[in-house]
Amino acid sequence: MNAASYSAAVPRSTFQSLDRKFSPSSSGIPSLVRVNCRPDCNKSTSQASLFLSLGSNNGRKGMLGGASSWDTHARRNLIGQTSYSVTTTFGGVATESPSHVAEEKVGILLLNLGGPETLNDVQPFLFNLFADPDIIRLPRLFRFLQRPLAKLISVLRAPKSKEGYAAIGGGSPLRKITDDQALALKEALDAKGLSSNVYVGMRYWYPFTEEAIKRDGITRLVVLPLYPQFSISTTGSSIRVLQHMFREDAYLSKLPVSIINSWYQRQGYIKSMADLIEKELQSFSEPEEAMIFFSAHGVPVSYVEDAGDPYRDQMEECIYLIMQELEARGINNEHTLAYQSRVGPVQWLKPYTDETLVELGQKGVRSLLAVPVSFVSEHIETLEEIDMEYRELALESGIKNWARVPALGLTPSFITDLADAVIEALPHAKAMYASTSTSEEEEEHDPLRYLVKMFFGSILAFILFLSPKMITAFRNLI
Ligand SMILES: C=CC1=C(C)c2cc3[nH]c(cc4nc(cc5[nH]c(cc1n2)c(C)c5CCC(=O)O)C(CCC(=O)O)=C4C)c(C)c3C=C
Ligand SMILES: [Fe+2]
């Protein structure tokens, strides 16, 4: 689609504008991120924690209970249901909509996870990760423990993680790859007539999301997470940071913003994945014999079943769409989906990649094509976990022929499709105006409530730290 003139009857990508509507829950999370949820997932606010399961809290099923929640009575603001008619020219040229003509300066913010660049960065990077309340979901009563717990876990986990990063050259390649993707996206947008500034915002390492958007006169912003599928733990977490930034900042709160929550169903992405799979199958002497083994990053089951994370549904739909595309090309290989990279003692999405590989080997599968599907760059979990650990396990389990599809990276058809997604999202940008503080924030500022929480929380935490469950939890980390 050419940016110079388009009628934005936007297809299936789900994107929404930041708006100031808050849900009735106390989470402080704007309704904008509650998307793509199954119709039956509007249970209220059950919580998940990575490490502990203590049963109910305030009548809520879940791990430690009551942390901030992703209740998902999804305001399915799917753009496919809306019809827009906007004629726009970009690139320093007048932008014309039915209501106004203005000079637009477009910014695109790519969101990603970030990774340690050196081995010395590993522990502080892990600290940032585990200090995220969307990764370790503590109930409010225990929230004051988030940072000490993150410190403890990061120190315990660091030696194992360092080994992994050492095996792939001493650091994560994510920053370089994401910067390259940003440049490629800018060029693809230029080629479509849209001049833009593309920024990179990482959640847990440099350049941090909080510092990503520069004050260079942007008048409209598209937020594009580099995760095809939405999860509370990835896109959701980054959007939470943005939400906070936008609430605090006068300039940002007025900036029209459009957020692309997930884009796994875009044809350009599906076809690009199918191209990579089709190509890699040719590396087998008998391509039709190879099982296509999709390996997605896992999340704890409670995210999906209690907190309403749409991640598993989106992942399954994504695999279905890729397989449909392959079948349309006459490729009818068997396929399966499993989840990798679990951390801690709780149940994660199943089946697990390691267990599935062993089972497939035992069942007589001899050729296997691994397809990483939750991420679009090479990173530690493709380069170390899949290419080294899982490959070795597969070969030990009787699988003779092993290959892995590369991450999409800079694949031109993929980058072009991201550019289209940005262009389609632009007309839907809306300002997020200043909002009132949430009940959660108000509570933080009430000293009496805070003291009571600290008192009871400390007693509970003391008991908890001595429990066998906690000891097992830490043992499973290292
Ligand atoms: C869609 C992708 C990802 C999801 C979902 C996700 C959830 C998730 N991750 C952890 C814990 C860790 N993740 C780590 C690294 C890491 N995670 C992702 C992506 C997703 N995570 C990426 C791309 C990376 C690698 C970045 C890089 O440096 O290359 C790590 C550190 C590495 C390690 O020690 O294994 C941890 C720990 C949790 C707990 C979680 C959901 C709750
Ligand atoms: Fe992860």
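These figures come from a predicted structure and were not determined experimentally. In each ligand, atom 1 is the first atom listed, and ligand 1 is the first ligand listed.
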Closer than 4.0 Å to some heavy atom of [X] - which atoms of ligand 1 meet that?
{"X": "Leu174", "value": "26 (C), 27 (C)"}
{"X": "Thr234", "value": "1 (C), 2 (C), 3 (C), 4 (C), 5 (C), 6 (C)"}
{"X": "Gly115", "value": "28 (O)"}
{"X": "Val299", "value": "5 (C)"}
{"X": "Leu129", "value": "11 (C), 12 (C), 36 (C), 37 (C)"}
{"X": "Ile380", "value": "25 (C), 27 (C), 29 (O)"}
{"X": "Ser374", "value": "1 (C)"}
{"X": "Leu126", "value": "31 (C), 37 (C)"}

Under the side-chain contact (heavy atoms from CB on, under 4.5 Å) test, which residues partner Glu187, sequence neighbours left out?
Leu183
One residue to check: [X]. Relative to ligand 1, which of side chain, backbone, both or neither has a non-hydrogen atom less than 4.0 Å away?
{"X": "Ser233", "value": "side chain"}
{"X": "Lys160", "value": "neither"}
{"X": "Gln229", "value": "neither"}
{"X": "Ile136", "value": "neither"}

Winner among Phe130, Trp348, Phe230, Phe375 once heavy atoms are compared against atom 38 (C) of ligand 1
Trp348
Does one side chain, of Ser295 or Thr353, offer a donor that lies under 3.5 Å from an acceptor on the other?
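There is such a pair (donor and acceptor under 3.5 Å, judged by atom type) between the side chains of Ser295 and Thr353.
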Can you find a side-chain donor-acceptor pair between Gln324 and Tyr320 that sits under 3.5 Å?
yes
Is any protein N, O or S atom closer than 2.8 Å to the Fe ion (ligand 2), and if so, which?
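Less than 2.8 Å away from the Fe ion (ligand 2) sit His297 NE2.
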When you measure from the heavy atoms of [X] to every atom of ligand 1, does any distance fall below 4.0 Å?
{"X": "Pro116", "value": "yes"}
{"X": "Gly114", "value": "yes"}
{"X": "Pro300", "value": "yes"}

Would you kindly check if the NZ (Lys) or CZ (Arg) of Arg137 is within the cone defined by 45 degrees around the ring axis of Tyr303 and under 6.0 Å from the six-membered ring centre?
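The answer is yes, since Arg137 meets both limits relative to Tyr303.
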Any pair with a residue in residues 339-355 that passes salt bridge (charged side-chain N to carboxylate O under 4.0 Å, His left out), sequence neighbours left out, goes on the list, sorted by first then second residue, please.
Arg342-Asp354
Would you compute the distance between atom CZ of Phe293 and atom CG of Leu357 and round it to the nearest 0.5 angstrom?
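If I round to the nearest 0.5 Å, the distance is 4.0 Å.
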Side chain to side chain donor-acceptor pair (under 3.5 Å) between Gln229 and Ser262, intermediate numbers included:
CA-CA 5 Å; Gln229 305 85 8; Ser262 62; over 6 Å; no
For the student: nearest non-hydrogen atoms of [X] and [Y], plus distance:
{"X": "Val376", "Y": "Gln181", "answer": "O-NE2, 3.3 Å"}
{"X": "Met291", "Y": "His335", "answer": "CG-CA, 4.4 Å"}
{"X": "Tyr311", "Y": "Val299", "answer": "CD2-CG2, 4.0 Å"}

Tyr165 vs Phe125 aromatic rings, parallel, tilted or perpendicular, using cut-offs 30° and 60°?
perpendicular
Give the ring-plane orientation class for His297 versus Trp348, where under 30° counts as parallel, over 60° as perpendicular and anything between as tilted.
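The rings of His297 and Trp348 sit tilted, inter-plane angle from 30° to 60°.
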Check ion pair Arg404-Glu280 (N to O, under 4.0 angstrom):
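Looking at Glu280 together with Arg404, the answer is no, because their closest N to O distance does not fall below 4.0 Å.
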Looking at Lys176 and Asp180, is any side-chain nitrogen of the basic one under 4.0 Å from a carboxylate oxygen of the acidic one?
yes
Using a plain distance cutoff, I'd like to know if [X] has any nitrogen or oxygen under 3.5 Å from a nitrogen or oxygen of ligand 1.
{"X": "Arg157", "value": "yes"}
{"X": "His379", "value": "no"}
{"X": "Tyr311", "value": "no"}
{"X": "Tyr165", "value": "yes"}

Is a side-chain N or O of Glu385 found less than 3.5 angstrom from the main chain of Ser341, in a donor-acceptor match?
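Present.
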Considering only residues two or more places apart or on different chains, which pairs with a residue in residues 377-398 satisfy ring pair (Phe, Tyr, Trp, His ring centres under 6.0 Å)?
Phe375-His379
